[in-house]
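Encoded as structure tokens, the structure appears first; notes follow it.
When a ligand or atom number is given, it counts from 1 through the structure's own listing order.
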Amino acid sequence: DPYSSDPERHPVLHINNLKPFNAEPPPEILSDSYITPSAFFFKRNHLPVPKVDPASYQLHVEGLPGGVLTLSLEDLKTKFSKHTVTATLQCAGNRRSEMNKVKQVKGLNWGIAAISNATWSGAKLRDVLLAAGYGPDVAQWACHVQFEGLDKDVTGTTYGASIPLKKAVSEEGDVLLAYEMNGEELPADHGFPVRVVVPGTVGARNVKWLGKIIVSAEESSSHWQQNDYKGFSPGTDWDTVDFKSAPAIQELPIQSAVTTPADGAVVDRSAEEVTVKGYAWSGGGREVVRVDVSLDGGKTWQVAQLRTSDKGQAPEPSPPPGQAWAWKLWEVTAPLPAEAQELEIVCKAVDNSYNMQPDTVPPIWNLRGVLSNAWHRVKVKIRE
Ligand code: MTE
Ligand code: MO
């Protein structure tokens, strides 16, 4: 069993698939803390977790005029300055189950918690590329930076993905070769000893157990870059789909969801009010500026309170424009409407480009069930 050396996981996680291991936390855990504890951070593995010996670990950097640069874990920690970034990671398939309800899609049936927020520390990819010989002449021919994981399928094929070179070398891109998560060494499930963290970019490009970096004219040729993680029209089916016709997902669209109360929950009339909590985030470093919440299915709305830290702690300073990598948690407390026997709670977020979420799923439905970001709706019963 290639999965026999997979690490232990927290029993509270909802398992979507055991081998390879894919799991998300109960949604209410997400809004309990601004920084998601690593044990609860969603886990998305395509392959067995590789066992990597940190003492003999090597990272190869290829494609630059300086030739191949090989770095040990020690090199990465000592030869480059250490940067810390708080960044939210979201799988392209987050909230896929809502698309599945409209019409069947192919993929793991994620709920609303294939998203989490952590602080990541490591070397800047930009600094490592500069040390390996990156310069203005390289930008003449190179367009992409490819990453290869050390996790392999039975044929020896590794997980791989790429990002635009521009993002990789930009000072403001904040792409990290991270060796710490939440102040501790990376857990095995999250890429020990080194993973790429590409803030603002879909989870799939944040390659774990990083073995190789290749600067190139082409995108990664991996299955996950070419024939997966792309969006299509609701009218495209498996007979007509042409994966070459659509760009690989990089930045993700505006997103929000209600983490509590849960769909189907019951609140007592005697409580007199209800507190609704959730998360909101947008890709590409765009900042969430507002979250609207409705208790009546979208007829009337109120503006939620946003927060960027745990309760009792000072809020994180506002990020520079274009570098809002971390989510905002939000909350609304409202009186229970006198007449209603049921609430239809709805949330929708707005980012600083005034991008908003679509109100329903059918117009954004796609055969792979990615980019699922319609208004999130939760029904709650009031017990008299
Ligand atoms: N990197 C490797 N090497 N192997 C993988 O299977 N999965 C990707 C990405 N990086 C993956 C990977 C996907 S699709 C996602 S959503 C994120 O890792 C999940 O990161 P996490 O498990 O730390 O939450
Ligand atoms: Mo993913």
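- Close contacts of ligand 1 with Phe41, meaning ligand atoms under 4.0 Å from a residue heavy atom, involve 24 (O).
- An N or O contact shorter than 3.5 Å links Phe42 to ligand 1 by distance.
- We find that Lys328 and Glu287 are joined by a salt bridge, their nearest charged nitrogen and carboxylate oxygen being less than 4.0 Å apart.
- Near His46, the atoms of ligand 1 lying under 4.0 angstrom from a non-hydrogen atom of the residue are 5 (C), 6 (O), 7 (N), 11 (C), 14 (S).
- In terms of protein heavy atoms, atom 22 (O) of ligand 1 is closest to Lys208 NZ, 2.5 Å.
- The protein atom (non-hydrogen) at minimum distance from atom 9 (C) of ligand 1 is Gly203 O, 3.3 Å.
- For Glu384, the side-chain contact (heavy atoms from CB on, under 4.5 Å) criterion is met by Arg269, Ile382, not counting sequence neighbours.
- Contact annotation: for Trp224 versus ligand 1, there are no heavy atoms closer than 4.0 Å.
- From the protein, the heavy atom lying nearest to atom 12 (C) of ligand 1 is Tyr159 CE2, 3.6 Å.
- Counted by atom type alone, Asn100 and Ser97 present zero donor-acceptor pairs between their side chains at under 3.5 Å.
- When the shell of 6.0 Å around CD of Glu273 is examined, it contains more than 12 heavy atoms from other residues, nucleotides or ligands.
- One finds no salt bridge joining Asp263 and Lys379 here, because no Lys/Arg side-chain nitrogen approaches an Asp/Glu carboxylate oxygen to under 4.0 Å.
- In this structure, the protein non-hydrogen atom closest to atom 20 (O) of ligand 1 is Arg195 NH2, 3.2 Å.
- Remark: Lys208 pairs with Asn45, Arg195 by the side-chain contact (heavy atoms from CB on, under 4.5 Å) rule, at least two apart or across chains.
- If you check which protein heavy atom lies closest to atom 19 (C) of ligand 1, you get Arg44 CB, 3.7 Å.
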